[in-house]
*Asks:* 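I have a structure here, written as structure tokens, and I will follow up with some questions on it.
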There are 2 protein chains.
Amino acid sequence: MEKPPRIALDRNAWIHGAIDVVAADGMDGLRVEVLAKKLGVTKGSFYWHFKDRRDLVDAVLDTWREGRIRDIRKQTAAEAGAELAALHHTIDVYAAAKNRKGIAIEAAIRMWARQDAATAAIVEDVDATRLDCTRTLFLALGLSDAEAKARSVLLYAYVFGFSMMQCGKFPMDAARTRRWIMERITQ
Amino acid sequence: MEKPPRIALDRNAWIHGAIDVVAADGMDGLRVEVLAKKLGVTKGSFYWHFKDRRDLVDAVLDTWREGRIRDIRKQTAAEAGAELAALHHTIDVYAAAKNRKGIAIEAAIRMWARQDAATAAIVEDVDATRLDCTRTLFLALGLSDAEAKARSVLLYAYVFGFSMMQCGKFPMDAARTRRWIMERITQ
DNA sequence: GTTTTTCCATACGGTAGGGTATTGAAACGC
DNA sequence: GCGTTTCAATACCCTACCGTATGGAAAAAC
């Protein structure tokens, strides 16, 4: 019997494992002992790296905020003249079905933010950053500031809202609908 | 000391109490013993009216579905010629800040639907009904079926998405933005 | 090689809560 | 009045977890 080599976990391994759990089961589903078993250790390890469960939750939220802010800046980066394409790209990336995990985390954290003020503040930061990024793109297209803001709000509300809807029983041409809506938001 | 008169609870009292809890704490926050204490009884009563916790959850979901379907039909009812006003009214009612509890329940149930297939089917029913109700209004305004569907999807995605956003740190004229978006969706 | 630090296992106490079994009391049928 | 039905209280058992205390092994420091 080979003895498995000792691979020490760090806070980061716990945080990323926790994010997976949050995506699957929501913030309430994040349990220290369950996560420990998933990582192949016991909670003795957990309480070495974290003060308590709340410490992990805060770390998850911080990691999420930093990641989301970095991501939206990257996705909305556009050379001069490519702003419209960048907007289309942003909608595609954020509303895409391939982004199931990201959407699940968004929903879980926003749900949790209803009960937790600190989380609500983090969501506010992320949303403000996102809204500002697309506002900049709309401004570059020559729109007024008020219209750039309104279109940004519509863009994100659509993206988040669509990800929460279940259109399975509503017969439609999904691709065509997507295209129509994207035009409506950006032009 | 007056002895409080015995007021027998029925399933409905439990269900409505449960809906309040779900709005406040999500589906995971719905606990038999906690709800019993809130209703001033013990869980001995609960297990008289319900087989188990899942039985209550199912009852909550059924009640929610029936209520939501009845409500959307009522809100989108329009005399001939008043279809546009009905659309505006629908957006107002569903996106309104005054509807905090309704929004919280929507979010909680949609979150729960990620883990529970039966719930996902119920959400699908509600969404299909809602989409169809506004589609009918758009059709009455003379739009093509494809466009009527696309506008309906945009309408609900916006309403749900906006309720999940935290725009506190994004400075804007909220009323004016709302008006702009409403026009963009309906006209 | 010994000491120290790092990381984890084990064992334990405590609370919350699901579900059952039993008892009890009020209301109802007659 | 008297039995029956309806609804709720009580007492349990059991599981899932949080958090702590302590011991122990591996690695690093020296």
Side-chain angles (χ1 to χ4, degrees), chain A residues 1-63 108 111-112 115-116 118-119, chain B residues 1-63 108 111-112 115-116 118-119:
Chain A
M1 289 292 275
E2 291 272 332
K3 193 188 288 183
R6 172 166 170 161
I7 303 166
L9 297 176
D10 57 0
R11 274 179 73 97
N12 237 279
W14 283 95
I15 293 170
H16 284 93
I19 289 177
D20 288 348
V21 172
V22 170
D25 301 329
M27 200 64 84
D28 293 317
L30 181 54
R31 305 288 158 183
V32 173
E33 285 185 304
V34 176
L35 178 56
K37 182 164 291 186
K38 204 187 115 175
L39 294 179
V41 294
T42 66
K43 62 182 173 178
S45 168
F46 177 83
Y47 287 101
W48 171 260
H49 295 287
F50 298 88
K51 180 180 173 296
D52 53 22
R53 181 179 174 279
R54 178 74 213 196
D55 189 16
L56 173 63
V57 170
D58 288 338
V60 165
L61 293 171
D62 270 9
T63 302
M111 187 72 205
W112 175 240
Q115 305 173 237
D116 187 73
T119 304
Chain B
M1 290 292 274
E2 292 271 333
K3 191 188 290 187
R6 169 164 173 161
I7 304 165
L9 298 175
D10 56 0
R11 274 180 73 98
N12 238 280
W14 284 95
I15 292 170
H16 283 94
I19 288 177
D20 288 349
V21 172
V22 170
D25 300 329
M27 200 64 85
D28 293 316
L30 181 55
R31 305 286 157 186
V32 172
E33 284 186 304
V34 176
L35 178 55
K37 182 164 290 185
K38 204 187 115 175
L39 294 178
V41 293
T42 66
K43 62 181 173 178
S45 170
F46 177 83
Y47 287 100
W48 171 260
H49 295 287
F50 297 87
K51 180 179 173 295
D52 51 21
R53 182 178 173 278
R54 177 75 213 196
D55 190 16
L56 173 62
V57 170
D58 288 339
V60 165
L61 293 171
D62 270 10
T63 302
M111 187 74 205
W112 174 240
Q115 306 172 237
D116 187 74
T119 305

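Chain letters run A, B, ... following the sequence lines, proteins first and then strands; every chain starts at 1.
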*Asks:* Going by the rule side chain to side chain donor-acceptor pair (under 3.5 Å), which residues pair with A:R54 if we only count those two or more places apart in sequence or in a different chain?
*Replies:*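 Counting only residues at least two positions away or on another chain, A:R54 forms a side chain to side chain donor-acceptor pair (under 3.5 Å) with A:D58, A:D116.
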*Asks:* Quickly work out the A:L56 CG to D:dC18 C1' distance and round it to whole Å.
*Replies:*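 From A:L56 CG to D:dC18 C1': 13 Å.
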*Asks:* Do B:L9 and B:L39 make a side-chain contact, defined as non-hydrogen atoms from C-beta onward lying under 4.5 Å apart?
*Replies:*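 The answer is yes; the side chains approach within 4.5 Å.
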*Asks:* Show every side chain to side chain donor-acceptor pair (under 3.5 Å) that has at least one partner inside residues 26-42 of chain A, sequence neighbours left out.
*Replies:*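 Matches after skipping sequence neighbours: A:E33-A:K43.
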*Asks:* Grab the CD-P distance between B:E33 and D:dT10 for me, whole Å please.
*Replies:*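 These atoms are roughly 13 Å apart.
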*Asks:* Take the protein atom CG of A:D25 and the nucleotide atom P of D:dA16, then report the distance between them rounded to whole Å.
*Replies:*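 After rounding, the reported distance stands at 15 Å.
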*Asks:* What residues in residues 34-50 of chain A put a non-hydrogen atom under 4.0 Å from any atom of DNA chain D?
*Replies:*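 Here the set is A:V34, A:K43, A:Y47.
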*Asks:* Roughly how many Å is it from CZ in B:R31 to P in C:dT15, rounded to a whole number?
*Replies:*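 After rounding, the reported distance stands at 18 Å.
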*Asks:* Nearest whole angstrom, please: distance from the P of C:dG17 to the CG of B:L30.
*Replies:*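 Rounded to whole Å, this separation is 11 Å.
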*Asks:* According to the interplanar angle, ranging from 0 to 90°, do the rings of A:F46 and A:W14 count as parallel (below 30°), tilted (30 to 60°) or perpendicular (above 60°)?
*Replies:*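 Correct class here is perpendicular.
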*Asks:* Report the distance from atom CE of A:M27 to atom P of D:dC17, rounded to the nearest whole Å.
*Replies:*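 Value for this atom pair: 17 Å.
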*Asks:* Sequence neighbours excluded, which residues qualify as side-chain contact (heavy atoms from CB on, under 4.5 Å) partners of A:A108?
*Replies:*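 For A:A108 the side-chain contact (heavy atoms from CB on, under 4.5 Å) partners, ignoring immediate neighbours, are A:V22, B:M111.
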*Asks:* Can you name the closest pair of heavy atoms from A:A18 and A:L30 and give their distance?
*Replies:*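 That closest heavy-atom pairing would be CB-CD1, 3.8 Å.
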*Asks:* Could you identify which residues of residues 9-24 of chain B place a heavy atom less than 4.0 Å from some atom of DNA chain C, listed by residue number, or say none?
*Replies:*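 Residues of residues 9-24 of chain B under 4.0 Å from DNA chain C: none.
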*Asks:* Classify the side-chain pair B:H16/B:N12 by whether it contains a donor and acceptor separated by less than 3.5 Å.
*Replies:*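 Yes, a side-chain donor-acceptor pair sits under 3.5 Å.
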*Asks:* Please name all residues satisfying ring pair (Phe, Tyr, Trp, His ring centres under 6.0 Å) with A:Y47, sequence neighbours left out, ordered by chain then number.
*Replies:*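 Partners of A:Y47 under the ring pair (Phe, Tyr, Trp, His ring centres under 6.0 Å) test: none.
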